[in-house]
Each structure stands twice: as C-alpha cells, then as structure tokens.
2 protein chains.
Amino acid sequence: MRKASSTNFSNEAELAAICPMHNVMKVLGGRWKIALLYFIHQGHNRFSLLQKKMPFITTKMLSQQLKELEQDELVLRKIYAEMPPRVEYSLTIKGQSLLPVLEDLYAWGELHTKS
Amino acid sequence: MRKASSTNFSNEAELAAICPMHNVMKVLGGRWKIALLYFIHQGHNRFSLLQKKMPFITTKMLSQQLKELEQDELVLRKIYAEMPPRVEYSLTIKGQSLLPVLEDLYAWGELHTKS
DNA sequence: TACTATAGTGTCAAAAAAGTAACTAATGAG
DNA sequence: CTCATTAGTTACTTTTTTGACACTATAGTA
C-alpha cells in the first residue's frame, strides 16, 4: 500500500527532489524494518523464527514489513515447495550494503540516545 | 494464555532492548525531520524560511516536528523578544554530530534508490 | 478422524498521524 | 482604524497505520 499509496503524488515527488533522504526513509522507516534486517542478518531467517524473536509484532505486520523489504530488494524470499511450507529470508547484496551504515547510525544512537 | 506485553510501554521497552536502533528511529523517523535538519544546517533558520523551502508541509506539522527536534536536543530554538516575533533555529552539537552519518545514509540512497 | 505444523491472508475496528482552517499577540505602516 | 507581519496554537475532520482474530492450504502423525 505504501508504494503506490494514495498520498499526494506531487508532494512525494517534490520532497524526493528536495530531500533525497526521503527515499531512504521510505525504505527503512517502517516500524520494524531495521530490527528485521538485523535479525535476518543474524540468521533468524524464517517467519516463525522472526515471530519468536519479536513476540510483540503481529503476524500481519511481520508479513507486511517483510513484503515491503522484499519489494525494495533488501531481502530475498526463497520459497521451498514443501508441506508444511518453508520460506527462507536472507539479505540481498543491497540489503547487506546497508549494514555498515546502519551500524554507524547505531553507534550514534549508543552515544546520543538514552534507553 | 499469557497476554504478554499488552501495554504500549512494554512493547517499546522490549523493542528498545532488542533493537536499540529503535531509539534512533524515534528521533529521526518523523516524516520531515531529516529534511529539516538539512535545511537548518544550510542556514534556513527561521520558521517562515523553512515553510518557503517546504511549501507542502503544513504549519502545524512544521511546528510539531521542530518542537520534537528541539526536545530531542538536535535543534536549538532561540527566541528574540521582538515584535513581530523572531525565532532562529540552529543545530546543536548533537545535531551536528548526526550530519556525517546522515551523509553516509544519503550516499547509500544515491546509489541504491532511484528517484 | 482429529490434530499439528508452516506461512501466511482477509476483514473489521481502534488508534495514531496528518490535514484544514480559524485564531492569537504586538507593533509599524499607510 | 485597518492591514501586514511572524511564529505559531487550537479544535475538528480525515486519512493512514496498526491491532485482533478468524481463516486457508497440505501433508504427516496418532
């Protein structure tokens, strides 16, 4: 929904032109995206594993956020034709390329935000 | 049947414990925060100037986001006791310390997101 | 036959975020 | 006296996001 969303197109376009960071935030801004990238990176690569790691996120949200990450090509979704179904998530090259930047941001957070 | 973590608070706390990036995103995640930091950094340091730069943001949103940036100590708000009122915004040290990280993120965006 | 497991989807309702538009205060200009 | 200016605030409405929870499919197991 977010991608082709109903939000005023010209606003989005203008903002993207003015602040290209907006594109980045569209990709990373979701409430659980960064946590998901980390967990997938750590090898929690299946839906049920991610749910176990984050018991407070609903299945609907998890599915939604994963779908968006996949559409933004940060995460790869590999389906095995088995029963019960098996799906494995992993970071794409693009997803991996984000990790160092996120780590810098994380380091900033460590220094500058208190829990 | 443990209705675990039913309150907002425990969700936030749990999430912050699990993903400290969440704290960073709380500070930067707002729809216009990063753009605002950039513009203020560039010297568009007054309410009306910022509005001119971003004609699509409502006064309410602008005021709200600036207030949050101020509360998070990324932005300094200096009030001059004049009439008509004058208020000047600038980045705090903390706000400035964020710039290099944002630039890295920005560079990633340049490489990996298409406008 | 019933039950389990996986990986979700669909629908409706509630909550949160954002937009709209009117309003404020004090002063100088005309 | 009226208007313009700056930097917002407030009340109300609409839109968007999130939550709760029921439901699906298929094979294997008891």
Side-chain angles (χ1 to χ4, degrees), chain A residues 1-12 14-15 22 25-26 29-33 35-36 39-40 44-71 75-90, chain B residues 1-12 14-15 22 25-26 29-33 35-36 39-40 44-71 75-90:
Chain A
M1 305 301 167
R2 203 169 47 85
K3 286 225 97 164
S5 91
S6 52
T7 58
N8 198 323
F9 174 72
S10 74
N11 279 4
E12 285 291 324
E14 260 185 274
L15 184 55
H22 192 63
M25 293 311 278
K26 274 199 297 190
R31 198 142 179 68
W32 318 95
K33 297 267 181 79
L36 282 175
F39 283 134
I40 292 172
H44 304 96
N45 59 347
R46 297 183 56 182
F47 198 91
S48 52
L49 289 177
L50 291 167
Q51 267 194 315
K52 244 158 243 161
K53 270 282 155 188
M54 307 164 81
F56 37 80
I57 182 176
T58 62
T59 62
K60 185 188 145 200
M61 279 307 288
L62 180 54
S63 140
Q64 220 168 76
Q65 303 266 303
L66 283 169
K67 203 178 285 175
E68 287 175 19
L69 286 172
E70 193 199 352
Q71 276 163 6
V75 155
L76 186 75
R77 183 165 173 271
K78 187 168 184 193
I79 308 159
Y80 295 84
E82 297 175 3
M83 196 57 60
R86 180 155 67 106
V87 173
E88 281 180 8
Y89 294 94
S90 57
Chain B
M1 282 281 175
R2 185 177 93 100
K3 262 283 159 62
S5 65
S6 56
T7 72
N8 279 348
F9 175 71
S10 74
N11 279 4
E12 284 293 321
E14 261 185 273
L15 184 55
H22 192 63
M25 293 310 278
K26 273 199 297 192
R31 200 142 178 66
W32 318 95
K33 298 267 180 80
L36 282 174
F39 284 133
I40 292 171
H44 303 96
N45 59 347
R46 296 184 56 183
F47 198 91
S48 51
L49 289 177
L50 291 166
Q51 266 192 317
K52 245 158 244 161
K53 271 280 156 192
M54 307 164 81
F56 37 79
I57 182 175
T58 62
T59 63
K60 183 190 146 198
M61 279 308 287
L62 180 54
S63 141
Q64 218 170 75
Q65 304 265 303
L66 284 169
K67 201 177 287 175
E68 287 175 19
L69 286 172
E70 193 198 353
Q71 276 163 5
V75 155
L76 186 74
R77 183 165 173 272
K78 188 169 182 193
I79 308 158
Y80 295 84
E82 298 176 3
M83 195 57 58
R86 180 155 66 105
V87 174
E88 281 179 9
Y89 294 93
S90 58

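Quick caveat, the model's predicted, so the values are computed rather than measured. To find a chain, count down the sequence lines: A is the first, B the second, and so on, and within it residues start at 1. Reckoned from all heavy atoms, side chains included, excluding hydrogens, waters and symmetry mates.
- Atoms CE and NE2, on A:M54 and A:H44 in that order, are 11.0 Å from each other to the nearest 0.5 Å.
- Remark: A:Y89 OH to A:L36 CG distance equals 9.5 Å, nearest 0.5 Å.
- Separating the CD atom of A:Q51 from the C1' atom of D:dA20 is a distance of 14 Å, rounded to the nearest angstrom.
- Taking CD of B:E70 as the reference point, atom OG of B:S63 lies at 10.5 Å (rounded to 0.5 Å).
- One interatomic measurement links the two molecules: CZ of B:R31 to P of C:dA16, which rounds to 19 Å at whole-angstrom precision.
- Protein atom CG of B:L62 is 13 Å distant from nucleotide atom C1' of D:dT6, rounded to whole Å.
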Determine, stepwise, if the pair B:F56 / B:W32 fulfils ring-ring contact (aromatic ring centres under 6.0 Å, His included). CA-CA 11 Å; B:F56 37 79; B:W32 318 95; 5.7 Å; yes
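- We find that CD of A:Q65 is positioned 14 Å from C1' of D:dT16, with the value rounded to whole Å.
- Between atom NZ of residue A:K67 and atom CD of residue A:Q64 there is a gap of 7.5 Å, rounded to the nearest 0.5 Å.
- One can place CD of A:E82 at 13 Å from C1' of D:dG28, the figure rounded to the nearest angstrom.
- We find that CE of A:M61 is positioned 18 Å from P of C:dT11, with the value rounded to whole Å.
- Atom CD1 of B:I57 is separated from atom P of D:dA7 by 15 Å (rounded to the nearest Å).
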Scoring nucleotides 2-10 of chain C by protein non-hydrogen atoms under 4.0 Å (B base, S sugar-phosphate only, - none) yields ---BBSSB-
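- To the nearest 0.5 Å, atom CZ of residue B:R86 and atom CG of residue B:N45 are 9.0 Å apart.
- Taking atom CD of B:E68 as the reference point, atom C1' of C:dA18 lies 12 Å away to the nearest angstrom.
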